[in-house]
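Okay, structure first, notes after.
These numbers come from a predicted model, not from an experiment.
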Amino acid sequence: MKVILFGATGMVGQGVLRECLLAPDVESVLTIGRSVTGQQDPKLHEIAQANLFDLSDIEGSLSGYDACFFCLGISSVGMNEESYRRITYDLTIAVPKTLVRLNPAMTFAYVSGAGTDSTEHGRMMWARVKGKTENDLLQMPFKAAYMFRPGYVQLLHGIKTKTKWYAAFYALMGPLYPVWKRLLPKYVTNTECVGRAMLSVARQGAPKHVLENPDINNLC
């Protein structure tokens, strides 16, 4: 399997990259982002792309892939809807439009979030925007597309976040992960599980295309 990964430097993307590099059936992984991870692995190839809205100058490197794992995203905290939509919707839609043209047999997996609003009409701005993103991705002519809606994602294997308030949150919540996992299993997962679940849907699909937190845990 050949994989393209967006968002490999983010906290979820780091976990997905780790599982891809460990998987025996993954032949190669191409990461694309504004910066590279800097990791060294025979399977790993990286492209630093300043303008992710326009991939035309690297299209020659984007054909022949079996799966794309799209883990790129931002928090809505402190953002207005227009700014949040530009990244969460506009960018997320622009990338797969290119990929599906070059790889129509590709499986596309998108990291969304628990509470996403598929109706697109709810009160929460971030949930409406992500709902619109999911709905439009599911209409694209990929071999298959899967929307991942994790709840609390515990960072494993030394993975860290670069966002200061996320780091503070995980410093507080991380030690309680075994408690949350036992008391609230429907709402808790981890970076390893998300990565393994993405590989699972790329290999053999899943019963449904919108995967809530329990579905993700069942797939890993």
Side-chain angles (χ1 to χ4, degrees), residues 1-23 25-75 83-113 129-130 133-134 136-138 140-148 150 153 155 159-163 166 191 194-199 201-203:
M1 185 191 326
K2 298 179 67 177
V3 173
I4 296 178
L5 173 59
F6 284 83
T9 61
M11 60 184 192
V12 174
Q14 291 177 60
V16 175
L17 176 59
R18 179 181 185 273
E19 297 309 311
C20 287
L21 295 178
L22 289 172
D25 62 337
V26 174
E27 173 188 342
S28 66
V29 183
L30 173 64
T31 69
I32 302 173
R34 293 187 178 90
S35 60
V36 298
T37 68
Q39 294 191 42
Q40 301 295 318
D41 190 281
K43 294 182 181 181
L44 180 61
H45 308 276
E46 303 200 272
I47 295 177
Q49 179 73 2
N51 182 8
L52 295 175
F53 285 90
D54 182 5
L55 303 179
S56 58
D57 58 332
I58 61 168
E59 280 194 9
S61 301
L62 303 181
S63 297
Y65 285 87
D66 304 292
C68 175
F69 302 147
F70 197 92
C71 306
L72 187 64
I74 55 172
S75 168
S83 298
Y84 182 70
R85 180 185 174 94
R86 176 166 170 76
I87 301 299
T88 302
Y89 179 81
D90 295 349
L91 177 58
T92 306
I93 296 299
V95 167
K97 282 183 177 179
T98 297
L99 294 180
V100 75
R101 173 168 52 82
L102 299 172
N103 304 279
M106 173 180 275
T107 295
F108 189 90
Y110 167 60
V111 178
S112 182
V129 175
K130 285 206 168 187
T133 304
E134 286 187 354
D136 286 4
L137 286 172
L138 289 169
M140 292 190 180
F142 286 105
K143 173 186 175 183
Y146 297 95
M147 309 296 108
F148 279 63
V153 181
L155 308 182
I159 290 171
K160 296 180 180 179
T161 174
K162 296 181 290 185
T163 305
Y166 273 169
T191 49
V194 174
R196 291 181 178 180
M198 285 198 163
L199 287 167
V201 299
R203 292 183 184 114

Result block: side-chain N/O donor-acceptor pairs under 3.5 angstrom for residues 87-94, not counting sequence neighbours:
| residue | atom | partner | partner atom | Å |
| --- | --- | --- | --- | --- |
| Thr88 | OG1 | Tyr84 | O | 3.1 |
| Tyr89 | OH | Asp136 | OD2 | 2.4 |
| Thr92 | OG1 | Ile87 | O | 3.4 |
| Thr92 | OG1 | Thr88 | O | 2.9 |

Can you give each donor-acceptor pair under 3.5 Å made by side-chain atoms of residues 104-113, sequence neighbours left out, with the distance rounded to 0.1 Å?
| residue | atom | partner | partner atom | Å |
| --- | --- | --- | --- | --- |
| Ser112 | OG | Thr116 | OG1 | 2.9 |
| Ser112 | OG | Glu134 | OE2 | 2.8 |

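Not counting sequence neighbours, the partners of Arg203 by the salt bridge (charged side-chain N to carboxylate O under 4.0 Å, His left out) test are Asp25. Looking at residues two or more places apart in sequence or on another chain, you find a side chain to side chain contact (heavy atoms under 4.5 Å, CB included) between Leu22 and Arg18, Glu19. With sequence neighbours left out, the ring pair (Phe, Tyr, Trp, His ring centres under 6.0 Å) criterion links Phe69 to no other residue. When the side-chain hydrogen bond (donor to acceptor under 3.5 Å, both in side chains) test is applied to Ser83, the partners found at least two apart in sequence or on another chain are Asn80. Partners of Glu27 under the side chain to side chain contact (heavy atoms under 4.5 Å, CB included) rule, at least two apart in sequence or in another chain, are Lys2. Residues satisfying the salt bridge (charged side-chain N to carboxylate O under 4.0 Å, His left out) test with Glu59, not counting sequence neighbours, are Arg101.
Closest non-hydrogen pair, Leu62 versus Tyr65, comes out as O-CD1, 3.5 Å. Annotation for Val16 and Cys71: closest pair CG2-SG, 3.8 Å, computed over non-hydrogen atoms. Heavy atoms only, all atoms of each residue included: Ala8 and Thr37 are closest at CB-CG2, 3.7 Å.
One distance of note links SG of Cys20 with CG of Leu30; it measures 11.5 Å at 0.5 Å rounding. Considering SG of Cys68 and CZ of Phe6, their distance stands at 5.5 Å, rounded to 0.5 Å. Here the straight-line distance linking atom CG of Leu21 with atom CD of Gln40 works out to 11.0 Å at 0.5 Å rounding. Put simply, NE2 on His45 and CG on Leu5 are 13.5 Å apart, with the number rounded to the nearest 0.5 Å.
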Task: Trace of the side-chain contact (heavy atoms from CB on, under 4.5 Å) decision for Ile4 with Leu99 - done: CA-CA 10 Å; Ile4 296 178; Leu99 294 180; 3.9 Å; yes
TODO: Please test Asn103 against Phe142 for side-chain contact (heavy atoms from CB on, under 4.5 Å), starting from the C-alpha separation and ending with a verdict.
DONE: CA-CA 8 Å; Asn103 304 279; Phe142 286 105; over 6 Å; no
Task: Candidate pair Leu17 and Leu44, rule side-chain contact (heavy atoms from CB on, under 4.5 Å), full reasoning - done: CA-CA 9 Å; Leu17 176 59; Leu44 180 61; 4.0 Å; yes
- [ ] Please step through side-chain contact (heavy atoms from CB on, under 4.5 Å) for the pair Val3 and Ser28, ending with a clear verdict.
- [x] CA-CA 6 Å; Val3 173; Ser28 66; over 6 Å; no
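Residues Ile32 and Val95 have side chains not in contact (no heavy-atom distance under 4.5 Å, counting atoms from C-beta outward). Counting heavy atoms from C-beta outward, Thr191 and Gln14 have side chains that stay 4.5 Å or more apart. Contact check for Phe70 versus Met198: no side-chain heavy atoms found under the 4.5 Å cut-off.
Listed by first and then second residue, the salt bridge (Lys or Arg N to Asp or Glu O under 4.0 Å) pairs that reach into residues 38-47 come to none, sequence neighbours excluded.
The backbone N or O of Arg34 lies less than 3.5 Å from no partner atom in the side chain of Gln49, so there is not a single donor-acceptor pair.
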